[in-house]
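Because the structure is predicted, anything quoted here is derived from the model rather than measured. Indexing begins at 1, ligand by ligand and atom by atom, following the structure's order.
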Amino acid sequence: MSLSVDISHNLGDLTVQVAFQAPSGITALFGKSGSGKTTVINAVAGLLTPDAGRIASQSEVLFDSKAGIDLPAHRRRLGYVFQESRLFPHLSVLGNLNYGKRFAPKGSSGPGLEEVTALLGISSLLHRRPGTLSGGEKQRVAIGRALLSRPQMLLMDEPLAALDSARKDEILPFLEQLRDSTGLPILYVSHSVAEVARLATTVVVLEQGKVAQAGPTEQVFSDPAMVRHLGLRQAGSVLPAVVKTHHSDGLTELTVSGGRLLLPQINLQPSARTRVRILAQDVILSRDAPKGLSALNILSGTVTEIRAGGGPGVVVQICCGSDLLLARITQRSANALQLAPGLRCHAILKSVSVARHDVGHT
Ligand SMILES: Nc1ncnc2c1ncn2[C@@H]1O[C@H](COP(=O)(O)OP(=O)(O)OP(=O)(O)O)[C@@H](O)[C@H]1O
């Protein structure tokens with residue numbers, strides 16, 4: 001399943017004009033406030049009619065201005081999860097989930113009540129009323145309700161924005177499971193860099209109504225041009241990794257394409273696949289193989305790009321194995337090391353600089 005969007009819509013001061021593909025997995029629409037994210041997701045949902053363009057899922061055209069097609073929202077077979085859960089307060093969790101089931105087309109296939117409640121960890125909440133649930137639990141029920149309507153696609157508009165960081169951390173693994181187990185395309189609006197790095201398979205960056213960057217998450221995050229969109233402190237690459245082993249001193253060893261990483265203990269079984277976000281500001285570069293360092297992680301690679309910003313810093317992209325890593329260092333250091341594309345160097349990372357929530361759970 002996939003979704004293709006190619007629309008333009010005038011909002012007065014801003015014209016939203018975007019084209020992108022959302023394959024199965026999570027496609028994050030990422031951008032600053034006012035960049036047009038909600039306009040795009042509302043157009044896909046059928047809550048807004050674009051001035052022109054086409055929106056199609058693999059099996060069906062939802063909107064085509066030239067052909068005069070504009071399916072009403074209730075016929076688009078989409079599950080919509082909003083920032084606030086919008087559960088019916090007078091119904092139990094089960095009642096809310098059953099409400100979702102009413103919208104499943106007759107004869108449609110998909111996960112049933114038991115499967116959905118197990119996937120979202122809400123089986124023990126079925127007889128509770130929404131008023132007695134935490135924010136994270138409410139959102140999981142809202143996702144369950146959307147899934148039980150057997151949608152062809154899920155739309156999520158800042159689903160974690162109203163939650164505190166503990167509730168966010170609680171719900172992220174469920175979203176990862178949803179991404180990895182259902183095969184549904186999920187269009188996910190967020191302006192949180194950490195959330196997008198952790199969850200997205202595809203990233204579409206919007207800037208003033210236009211697509212500034214789009215592609216697989218690892219590729220988009222390792223592009224030095226992204227620093228402008230992510231901010232200096234949030235910029236960094238996302239590396240696919242496999243858990244190798246857990247050591248008795250509390251460190252977990254991961255295999256990445258360019259070598260190994262030792263990080264504070266990660267709650268995953270050996271051979272589990274995961275992803276690790278490494279902030280550019282946490283990476284130190286050395287031309288010679290470093291010795292006598294406290295930092296445990298050293299990846300060797302080749303400089304592929306150096307991009308200067310407005311200030312004293314530069315962002316260096318290094319190819320380590322088949323992954324691209326970003327390092328933010330000063331222009332002065334880059335000059336002293338005579339860094340240039342093609343030069344071999346070593347990227348150094350402290351184990352403890354990788355935060356637990358920057359490591360995926362699946
Ligand atoms: N119906 C409308 N008429 C005029 N302007 C609108 C309308 N709807 C949205 N806008 C404006 O268009 C811009 C894009 O809005 P949109 O809600 O799509 O952005 P967003 O990226 O989702 O922002 P946020 O992250 O703050 O929700 C904003 O400046 C908004 O004020």
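Within 6.0 Å of atom CD in Q208, 12 or fewer heavy atoms from other residues, nucleotides or ligands are found, so the atom counts as exposed in its surroundings.
For atom 23 (O) of ligand 1, the nearest protein heavy atom (residue, atom name, distance) is G34 N, 2.8 Å. When hydrogens are left out, the protein atom nearest atom 18 (O) of ligand 1 is T39 OG1, 2.5 Å; that is the closest non-hydrogen contact. For atom 5 (N) of ligand 1, the closest non-hydrogen atom of the protein is L11 O, 3.3 Å. When only non-hydrogen protein atoms are considered, atom 17 (O) of ligand 1 lies nearest to T38 CB, 3.6 Å.
Between Q317 and T304, the side chains place a donor N or O and an acceptor N or O closer than 3.5 Å (distance only, hydrogens not considered).
Only one option out of R332, Q338, Q331 pairs with N335 in a side-chain hydrogen bond (donor to acceptor under 3.5 Å, both in side chains); it is Q331. For the side-chain contact (heavy atoms from CB on, under 4.5 Å) criterion with L175, the lone passing option out of D180, L199, L120 is L199.
Interface of K32 with ligand 1, defined as ligand atoms under 4.0 Å from a residue heavy atom, comprises 21 (O).
Considering backbone and side-chain N/O atoms, E158 never comes within less than 3.5 Å of an N/O atom of ligand 1. The shortest N/O to N/O separation between G36 and ligand 1 falls below 3.5 Å. Among the atoms of S33, some N or O lies under 3.5 angstrom from an N or O of ligand 1.
Using cut-offs of 30° and 60° for the angle between ring planes, the Y80 and F82 rings count as parallel.
Taking 4.0 Å as the cut-off, S35 counts as a neighbour of ligand 1 on heavy-atom distance.
Taking each heavy atom of V116 and P111 in turn, the nearest pair found is CG2-CB, 3.8 Å.
By the definition of a contact as any protein heavy atom under 4.0 Å away, atom 26 (O) of ligand 1 is in contact.
Using a 4.0 Å cut-off between charged side-chain N and carboxylate O, R198 and E195 make no salt bridge.
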